[in-house]
K.L.:
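Handing you a structure now.
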Amino acid sequence: MTKYLQFNDEDLHIAGEIVRKGGLVAFPTETVYGLGANALDPEAVKSIYVAKGRPSDNPLIVHIYDKSQLNEIASRISEDAEKVVSALMPGSITVVFPKKSVIDDCVTGGLNTVAVRMPSSKEALAFLKSCNVPVAAPSANTSTRPSPTTWQAVKEDMDGRIDALLMGSDCKVGIESTVLDLTGDEPLVLRPGIVTPKEISQVLGKPVRVVTNPKEKVNSPGVRYKHYAPRCPMVLNLDGNRDKIRSFYDKCVKDGYNPVILTRHPEGYPDCNTCFLGATDREVAHNLFLLLRRCEKQYDYIIASYNGDDEVAFSILNRITKSAGQNIL
Ligand code: AMP
Ligand code: MG
């Protein structure tokens with residue numbers, strides 16, 4: 001049985017106790033909901049992988065509420081890392097450090113590095129504080145599904161599989177944190193997010209490279225696994241060609257589907273099921289996973305149309321192409 005908890009002192013205390021005793025608690029952050037366990041308890045951490053059906057070599061992010069906890073986890077904090085920690089934490093950025101041995105291999109998928117994040121969400125910080133241990137947490141969805149951005153989405157995937165769910169606010173950002181690796185010769189963005197390479201580069205005073213080639217041997221598991229996928233077939237259009245989208249829609253209908261077009265076009269498509277993605281890239285990021293989960297319930301084919309050329313758009317494209325399983329129209 002999963003306990004449904006609220007953000008009051010009593011329930012936060014219960015949540016903290018569950019984590020300290022080795023249980024699993026889902027909690028809100030500003031990016032997406034996380035599924036947390038005591039990062040210092042390997043058995044608890046292993047149960048995260050079971051609850052999610054997650055491959056065991058896909059590492060977790062360790063969440064902290066106070067920067068002083070970093071010294072417990074990271075064996076070295078480089079000058080660059082100091083700069084990023086002081087300028088961008090708390091925030092929607094995860095930094096990869098060399099790990100201390102208190103962090104078991106099961107947290108890091110066997111890597112000798114550990115990814116650490118201090119969220120900016122007040123609710124997340126209150127939960128982490130009440131745990132008072134570093135909390136290992138991936139997104140609180142079943143593996144391969146879109147990340148949950150509301151507590152109701154966590155319930156869909158995790159009811160009965162976890163000890164408790166903190167019913168907090170909807171996530172403001174809507175896509176997962178930027179993952180920044182500072183353990184090598186050059187700063188690398190392993191996963192793009194709302195904190196952009198330009199911002200990081202300004203903080204570091206040097207260029208930051210974004211890893212885009214999946215063949216490059218870095219541990220950015222989002223690249224390796226099926227990810228963010230709705231339950232129904234999905235296709236992505238990148239050129240905004242309305243005729244092409246319309247005729248694909250008509251073909252779906254002819255084939256017996258009840259399709260929907262996800263679009264940024266304010267007027268949508270006449271006589272078609274349409275769903276508005278958002279007016280700005282920030283809005284699209286906020287809505288994307290929520291809409292995929294909504295559309296898979298109402299329709300049985302998702303035709304998404306999206307493009308953009310700034311850094312936030314790049315992060316959205318990273319997610320939405322995976323949602324569509326690289327299926328491009
Ligand atoms: P999730 O929160 O479900 O998106 O999963 C956490 C993600 O953080 C992983 O899929 C990786 O992309 C990243 N990550 C965690 N630990 C590390 C690490 N030590 N090195 C590189 N990336 C990591
Ligand atoms: Mg995830």
Side-chain angles (χ1 to χ4, degrees), residues 24 26-37 39 45 48-64 70 73-76 81 92-119 121 124 134-149 153-154 157-158 162 171 173-184 187-195 209-212 214 216-229 285 288-289 292-293 315 318-319 322-323:
L24 294 184
F27 63 100
T29 81
E30 75 279 12
T31 58
V32 303
Y33 270 72
L35 180 54
V45 169
I48 293 179
Y49 288 92
V50 176
K52 276 183 64 94
R54 182 180 176 103
S56 62
D57 62 343
N58 189 353
L60 311 176
I61 294 169
V62 176
H63 292 71
I64 58 174
L70 254 181
I73 305 165
S75 65
R76 201 176 87 85
S92 308
I93 186 165
T94 296
V95 181
V96 177
F97 298 90
K99 80 171 181 75
K100 275 195 173 162
S101 58
V102 284
I103 299 294
D104 192 88
D105 276 357
C106 68
V107 176
T108 65
L111 301 171
N112 54 11
T113 55
V114 59
V116 185
R117 182 160 103 88
M118 180 175 171
S121 142
V135 171
S139 52
N141 52 287
T142 307
S143 192
T144 80
R145 302 263 303 133
S147 300
T149 55
V154 179
D157 284 17
M158 290 296 156
I162 60 177
C171 303
V173 174
I175 58 172
E176 306 82 353
S177 59
T178 304
V179 177
L180 174 68
D181 185 351
L182 291 175
T183 61
L188 289 178
V189 169
L190 303 182
R191 175 173 76 184
I194 218 86
V195 177
R209 193 158 67 83
V210 181
V211 174
T212 49
E216 198 167 342
K217 241 188 142 338
V218 290
N219 290 286
S220 185
V223 175
R224 280 187 280 147
Y225 297 112
K226 184 180 171 193
H227 232 131
Y228 318 123
L288 179 63
F289 292 139
L292 291 180
R293 281 176 180 265
S315 306
N318 170 274
R319 307 305 195 280
K322 285 172 192 156
S323 297

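Order of appearance sets the numbers: ligands from 1, and atoms from 1 within every ligand.
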K.L.:
With no hydrogens and no angle check, just 3.5 Å: does a side-chain donor-acceptor pair link S147 and E176?
P.N.:
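On atom types as modelled, these side chains qualify, holding a pair under 3.5 Å.
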K.L.:
Could you walk me through whether T31 and R117 pass the side chain to side chain contact (heavy atoms under 4.5 Å, CB included) test, one step at a time?
P.N.:
CA-CA 11 Å; T31 58; R117 182 160 103 88; 3.0 Å; yes
K.L.:
Given side chain to side chain contact (heavy atoms under 4.5 Å, CB included), test R145 with K52 step by step and report yes or no.
P.N.:
CA-CA 10 Å; R145 302 263 303 133; K52 276 183 64 94; over 6 Å; no
K.L.:
How close do P28 and A124 get, heavy atom to heavy atom, and via which atoms?
P.N.:
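Shortest heavy-atom separation between P28 and A124 comes out as O-CB, 3.2 Å.
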K.L.:
Mark the output for D181 as yes if a heavy-atom distance to ligand 1 is under 4.0 Å, and as no if none is.
P.N.:
no
K.L.:
Pull out every atom of ligand 1 sitting under 4.0 Å from any heavy atom of L190, numbered as shown with elements.
P.N.:
21 (C), 22 (N)
K.L.:
May I ask you to decide if P98's main-chain N or O and R76's side chain share a donor-acceptor pair within less than 3.5 Å?
P.N.:
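Checking the backbone N and O of P98 against the side chain of R76, no donor-acceptor pair under 3.5 Å is found.
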K.L.:
Just by distance, with hydrogens left out, do S177 and R191 show a side-chain donor and acceptor under 3.5 Å apart?
P.N.:
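The criterion, which ignores hydrogens and geometry beyond distance, is satisfied for R191 and S177.
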K.L.:
Find all atoms of ligand 1 within a distance of less than 4.0 Å from any non-hydrogen atom belonging to S139, and give their numbers and elements.
P.N.:
1 (P), 2 (O), 3 (O)
K.L.:
Is any side-chain heavy atom of S315 closer than 4.5 Å to one of I175?
P.N.:
yes
K.L.:
With atoms numbered from 1 as shown, which atoms in ligand 1 lie under 4.0 angstrom from a non-hydrogen atom of L60?
P.N.:
15 (C), 16 (N)
K.L.:
Give the atoms of ligand 1, by number and element, whose distance to some non-hydrogen atom of L111 is under 4.0 Å.
P.N.:
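The list of qualifying atoms is 18 (C), 19 (N), 20 (N).
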K.L.:
Do ligand 1 and K52 have nitrogen or oxygen atoms that lie under 3.5 Å from each other?
P.N.:
no
K.L.:
Would T108 count as a contact of ligand 1 if the rule is a heavy atom under 4.0 Å away?
P.N.:
no
K.L.:
Does any N, O or S atom of S139, backbone or side chain, fall under 2.8 Å from the Mg ion (ligand 2)?
P.N.:
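Short answer: yes, at least one N, O or S atom is under the cut-off.
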K.L.:
Consider ligand 1: state whether an atom of it lies below 4.0 angstrom from any non-hydrogen atom of K99.
P.N.:
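Contact absent.
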K.L.:
Hey, which atoms in ligand 1 end up nearer than 4.0 Å to a heavy atom of T113?
P.N.:
18 (C), 19 (N), 20 (N)
K.L.:
With a cut-off of 4.0 Å, which atoms of ligand 1 are near a heavy atom of I61?
P.N.:
6 (C), 8 (O)
K.L.:
What closest approach, in Å, do Y49 and P59 show between heavy atoms, and which atom pair accounts for it?
P.N.:
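Closest heavy-atom pair between Y49 and P59: OH-CA, 4.0 Å.
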K.L.:
For atom 3 (O) of ligand 1, tell me which residue out of R54, H227, R117, R191 has the closest non-hydrogen atom.
P.N.:
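Going through R54, H227, R117, R191 one by one, R54 has the nearest heavy atom to atom 3 (O) of ligand 1.
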